[in-house]
Amino acid sequence: MQVRGAASLVPGLWLLACNSIAPPVTTFGVLSTSTGDAPVMTGDVHANLDFTRPGEPVGDLVGWNLGPGTRYAPENDPLHPEWRTPVKVAAAQALAEARPGHGRAPWMRFAGLPIDGARGGDGYHFYKWVEPGRAAAPGDAMATFEYFALMQDADAAPIVTLNFGSGTAAEAAAYVAHLNGADADDINVAARLHWGQDQPYRQTLFELGSESYGPWNTGHSADGDYAYANPEAKHGGDPAWAGKPSAAAADYAARALEYVAAVKAVEPEARFWVPLAQASMDGWGGVEAAVEGLAPLLRDPSVAGAVVHHYLLDDARTLGWSGPGDLFFTLAGAEAFRPGFARARAALDGVRPGLELVVTEYHVAGTASRGEFTRGQQAAVGLGVAGMLLLYAQLGVEAACQQAALEFESLERPDRDPLLEPWYNPFRAGPEATAAPMASYVATRLVGEHLLERAAPLEFTKQVERDMSFGPDETIKVPLVHAAAFVDPASETGSLVALHRDLQQSHTFTVDLPPGWTATAASQWAPPSAEHNTMYQPVAVEPAPFVQDGERVQLTLPPHSLVAVRFAAAAQ
């Protein structure tokens with residue numbers, strides 16, 4: 001994983017000051033009140049938390065995918081200075097402040113128009129947007145120096161997606177030469193220099209197309225006007241692969257190996273992520289069949305991992321669920337995908353242990369929910385996003401990028417980009433050109449700040465559950481307290497984040513700690529209802545009450561809330 005410096009310091013409630021470590025007697029968090037001398041009894045929900053046994057590394061789960069609608073520019077941009085507005089700059093700065101607790105830089109992914117093209121249409125051809133002397137025009141996509149300006153202003157680690165569906169391996173190599181090359185006589189390097197970027201970007205992480213398994217992807221069939229496998233394609237296609245579209249995982253894999261070789265000839269340090277499936281795990285005939293077809297590619301040592309895209313309400317339809325207004329499913333539906341992620345991990349390990357499983361697009365709903373998902377301004381969006389992040393943490397997902405669009409003018413218009421949804425923007429335009437956080441940003445930031453380097457064993461011995469149905473015959477029991485814990489490698493500091501999914505009532509949550517450990521601070525995001533409109537009535541993160549008695553900590557979890565706690569070991 002790329003590392004780009006330590007976490008930035010953020011004022012206010014976002015970084016909670018730690019109390020001094022006290023002996024194992026009853027202690028109280030901010031806003032708590034004394035319970036007298038009575039011991040803390042086991043709560044409605046109880047867990048044992050062991051910070052002395054650090055587990056697997058925690059992934060880079062704070063990240064953003066620059067979805068359709070986003071337009072941004074550096075200062076003094078020669079093409080589109082109008083794209084650099086005060087509110088967009090404020091949004092980029094806010095993204096820079098959403099730092100993971102482990103200190104690594106958050107990811108930011110660029111996937112173009114979409115990158116491969118959709119429904120047979122053309123995709124992102126980098127040179128079109130950086131050709132020297134070109135004039136600006138309405139409908140322009142971001143050029144490399146423009147989307148990298150956003151990544152740099154957000155202090156993010158870049159992911160670049162290569163056009164597979166309507167591009168070629170030669171074009172991918174030229175793109176990488178443009179980004180990383182030093183030979184000014186190379187036309188692609190000269191284009192970078194022309195637009196004022198003297199230094200190479202030193203980009204080494206690339207995705208080999210986006211959603212190549214999907215029939216909506218231009219490269220999936222040989223019939224689209226710009227499909228690489230179409231011998232009659234308007235731009236000539238890719239003659240060596242005529243009639244071999246990415247509908248077959250094996251054909252995709254064989255062609256992707258050409259991309260790997262072409263890119264590595266330009267950038268020897270390049271590594272790659274490979275599209276695998278939506279979270280429904282049904283791409284390319286199911287995840288096991290997909291991995292079997294992709295195996296020759298996945299065995300290449302330059303391939304770092306496989307990519308899942310996860311739009312919770314959209315992908316659940318493939319599992320048999322239907323009910324876009326189901327509030328509880330928005331908070332708890334991530335549980336329906338747990339078995340699929342486990343199958344994907346097992347299949348990948350069967351080919352090559354150590355392959356990463358990453359999620360480079362996720363949100364509670366996607367474009368298939370247009371006109372049906374009406375909760376875009378509600379607290380439920382943030383709570384649902386938090387539930388997905390905690391699932392990824394529990395499953396050891398190595399990276400996650402939330403679908404995001406820094407667009408403030410056309411979000412609510414019916415003629416907006418067909419792939420742009422209002423709930424994708426983590427901000428709204430605030431007063432005096434500020435970027436006011438929406439629920440998705442607040443929840444992502446709160447979870448992210450508590451992500452430490454290692455998972456900490458968290459064993460529930462008592463839980464409250466609710467049945468959740470999806471499909472005509474499928475019902476599962478869902479834990480109402482959905483939590484994950486983290487610890488630093490030295491086992492000196494720890495954290496716990498819990499999503500309380502109960503929509504009606506509070507529950508007490510008790511946690512038993514190892515000897516010498518103390519809860520030092522707690523915070524909560526507790527909207528008055530999951531349907532609360534956070535656009536017009538934002539809800540702040542606040543200190544949360546807690547009490548510690550010996551090695552047991554007690555919290556009261558409000559309904560539909562996100563609660564985080566920090567811990568410290570006794571000084572040696």
Who pairs with [X] by ring pair (Phe, Tyr, Trp, His ring centres under 6.0 Å), at least two apart in sequence or on another chain?
X	value
Phe272	none
Trp64	none
Phe328	none
Phe329	Trp321

>> Let's go through His178 and Thr144 carefully: what are the C-alpha distance in whole Å and the side-chain angles of both, what is the deciding distance for side-chain hydrogen bond (donor to acceptor under 3.5 Å, both in side chains) to 0.1 Å, and is it a yes or a no?
In response: CA-CA 9 Å; His178 169 75; Thr144 51; 2.8 Å; yes
For residues [X] and [Y], report the shortest heavy-atom separation together with the two atoms involved.
X	Y	result
Arg375	Ala380	CD-CB, 4.4 Å
Thr70	Ala405	OG1-CA, 3.3 Å
Tyr362	Leu61	OH-O, 4.5 Å
Val359	Val397	CG2-CG1, 4.0 Å
Gly167	Tyr228	O-CB, 3.9 Å
Val478	Arg501	CG1-NH1, 3.3 Å

Under 3.5 Å donor-acceptor, [X] side chain and [Y] backbone:
X	Y	result
Arg445	Ser440	no
Arg454	Val487	no
Ser246	Ser212	yes
His450	Leu446	yes
Asn163	Ile115	yes
Ser166	Gly123	yes
Thr218	Asp122	no
Lys88	Arg71	yes
His363	Trp423	yes

> For Tyr147 and Tyr72, what are the C-alpha separation, side-chain angles and deciding distance, and is it a ring-ring contact (aromatic ring centres under 6.0 Å, His included)?
Replying inline: CA-CA 6 Å; Tyr147 75 73; Tyr72 197 83; over 10 Å; no
> Under 30°, 30 to 60°, or over 60°: which ring-plane class applies to His310 and Phe341, parallel, tilted or perpendicular?
Replying inline: tilted
> Between His80 and Trp83, what is the ring plane arrangement, given parallel below 30°, perpendicular above 60°, and tilted in between?
Replying inline: parallel
>> Would you say CD of Glu372 has more than 12 non-hydrogen atoms from neighbouring residues, nucleotides or ligands within 6.0 angstrom?
In response: yes
According to salt bridge (charged side-chain N to carboxylate O under 4.0 Å, His left out), who are the partners of [X], at least two apart in sequence or on a separate chain?
X	result
Glu146	none
Glu288	Arg343
Glu361	Arg109
Arg53	Asp50

>> Show, in sequence, the C-alpha distance, side-chain angles and deciding distance for Trp273 and Phe206, and conclude whether the side-chain contact (heavy atoms from CB on, under 4.5 Å) test is met.
In response: CA-CA 6 Å; Trp273 283 341; Phe206 303 94; over 6 Å; no
>> Using side-chain hydrogen bond (donor to acceptor under 3.5 Å, both in side chains), reason through Gln402 and Thr444 one step at a time and then give a plain yes or no.
In response: CA-CA 9 Å; Gln402 187 177 132; Thr444 303; 2.8 Å; yes
What's the separation between atom [atom1] in [X] and atom [atom2] in [Y], rounded to the nearest 0.5 Å?
X	Y	atom1	atom2	result
His482	Leu391	NE2	CG	5.5 Å
Ile159	Cys401	CD1	SG	4.0 Å
Asp300	Leu294	CG	CG	12.5 Å
Leu95	Asp153	CG	CG	10.5 Å

> Quick one: does Val308's side chain get under 4.5 Å of Leu357's, heavy atoms only?
Replying inline: yes
>> Quick check: do Met108 and Pro158 have side-chain heavy atoms less than 4.5 Å from each other?
In response: no
>> Holding to side-chain hydrogen bond (donor to acceptor under 3.5 Å, both in side chains), I want the full list of residues that pass it with Ser369, two or more places apart in sequence or in another chain.
In response: Asp314
Any chance the side chains of [X] and [Y] put a donor and an acceptor closer than 3.5 Å?
X	Y	value
His309	Thr360	yes
Tyr424	Gln403	no
Tyr213	Gln278	yes
Ser469	Glu474	no

> Is it true that Arg134 and Asp140 make a salt bridge, defined as a side-chain N closer than 4.0 Å to a carboxylate O?
Replying inline: yes
>> For Asp77 and Phe145: C-alpha separation, side-chain torsions, deciding distance, then whether side-chain contact (heavy atoms from CB on, under 4.5 Å) applies.
In response: CA-CA 9 Å; Asp77 183 69; Phe145 59 89; 3.1 Å; yes
> Leu297 and Val260: side-chain contact (heavy atoms from CB on, under 4.5 Å), yes or no, with the steps?
Replying inline: CA-CA 9 Å; Leu297 174 62; Val260 169; 4.2 Å; yes
Which donor-acceptor pairs under 3.5 Å do side chains of residues 126-133 form with protein atoms, sequence neighbours excluded?
none

>> Listing request: all salt bridge (charged side-chain N to carboxylate O under 4.0 Å, His left out) pairs with a residue in residues 208-235, at least two apart in sequence or in separate chains.
In response: Asp225-Lys234
> Quick one: salt bridge (charged side-chain N to carboxylate O under 4.0 Å, His left out) pairs with a partner in residues 235-247, sequence neighbours left out?
Replying inline: Asp238-Arg255
>> Which residue in the set Val62, Leu205, Asn65 passes side-chain contact (heavy atoms from CB on, under 4.5 Å) when paired with Trp107?
In response: Leu205
>> Determine whether Asn180 and Val266 satisfy the following criterion, side-chain contact (heavy atoms from CB on, under 4.5 Å), listing intermediate values before the conclusion.
In response: CA-CA 8 Å; Asn180 292 358; Val266 177; 5.6 Å; no
>> Before you tell me yes or no, could you show the steps for Phe110 and Tyr124 under ring-ring contact (aromatic ring centres under 6.0 Å, His included), namely the whole-Å CA-CA distance, both residues' side-chain angles and the distance that decides it to 0.1 Å?
In response: CA-CA 11 Å; Phe110 179 71; Tyr124 185 85; 5.1 Å; yes
